[in-house]
Amino acid sequence: MANYWLVKQEPTAYAWEEFLRDKKTDWTGVRNFQARNNLRAMKKGDQVLYYHSNVGKEIVGIATVSKESFPDPTATEGDWICVELKPLTALKNPVCLETMKSDKILKDTSLIKQSRLSVMPFTKEQFARVLELGK
DNA sequence: GCCAACGTTGGC
DNA sequence: GCCAACGTTGGC
């Protein structure tokens with residue numbers, strides 16, 4: 001069964017639009033143990049929400065895991081990994097942080113509770129709620 | 001630009 | 001192994 005995730009990225013660094021243009025990207029540069037463990041748990045075909053931090057502060061699209069964890073080529077030392085992601089579809093209506101905060105289901109997500117984590121799991125219910133709000 | 005949250009580092 | 005200092009992230 002597929003799992004659900006959310007990754008965070010500053011649009012000034014790598015925006016969703018750029019991701020779309022590239023068709024796929026290696027999700028490198030994660031240097032946080034908890035985030036790494038989440039990356040490692042990703043399976044091919046899992047669905048991944050794409051969140052723009054700082055600028056926008058909204059979930060803008062959905063991606064899928066196209067390649068499971070492999071060593072992060074940008075890491076010069078340490079045991080770091082990355083995955084390959086492919087964009088699936090943009091949300092018609094991006095779901096902003098404020099909306100999530102006031103939503104009964106989404107206010108308990110790691111995005112709200114652990115604001116600094118950059119890769120986090122979402123439950124099926126939370127994921128479905130984002131899609132519902134993003135239609 | 002500020003500040004809170006939190007992860008990491010280093011001295012003891 | 002504890003904890004203070006420091007750096008980074010991200011919301012406001």
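Lettering follows sequence order; numbering is per chain, from 1.
There is no path of hydrophobic side-chain contacts, each under 4.5 Å, that joins W5(A) to V130(A). Note on V83(A) and W80(A): separate hydrophobic clusters, where clusters join Ile, Leu, Val, Met, Phe, Trp and Tyr whose side-chain heavy atoms are under 4.5 Å apart, directly or indirectly.
The backbone N or O of D46(A) sits less than 3.5 Å from a side-chain atom of T64(A), completing a donor-acceptor pair.
Atom NZ in K101(A) sits roughly 10 Å away from atom C1' in dG10(C) (whole-Å rounding). Rounded to whole Å, atom P of dG10(C) lies 13 Å from atom CD1 of I112(A). Look at CG on N32(A): it is 10 Å from P on dG10(C), rounded to the nearest Å.
In this structure, M42(A) CE and I81(A) CD1 are separated by 8.5 Å, a value rounded to the nearest 0.5 Å.
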Give each protein N/O atom lying under 3.5 Å from an N/O atom of nucleotides 6-9 of chain C, with the pair distance.
{"residue": "dG7(C)", "atom": "N2", "partner": "R116(A)", "partner atom": "NH1", "Å": "3.3"}
{"residue": "dT8(C)", "atom": "O2", "partner": "R116(A)", "partner atom": "NH1", "Å": "3.4"}
{"residue": "dT8(C)", "atom": "O2", "partner": "R116(A)", "partner atom": "NH2", "Å": "2.9"}

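Taking the charged nitrogens against the carboxylate oxygens, K67(A) and D26(A) have no contact shorter than 4.0 Å, which rules out a salt bridge.
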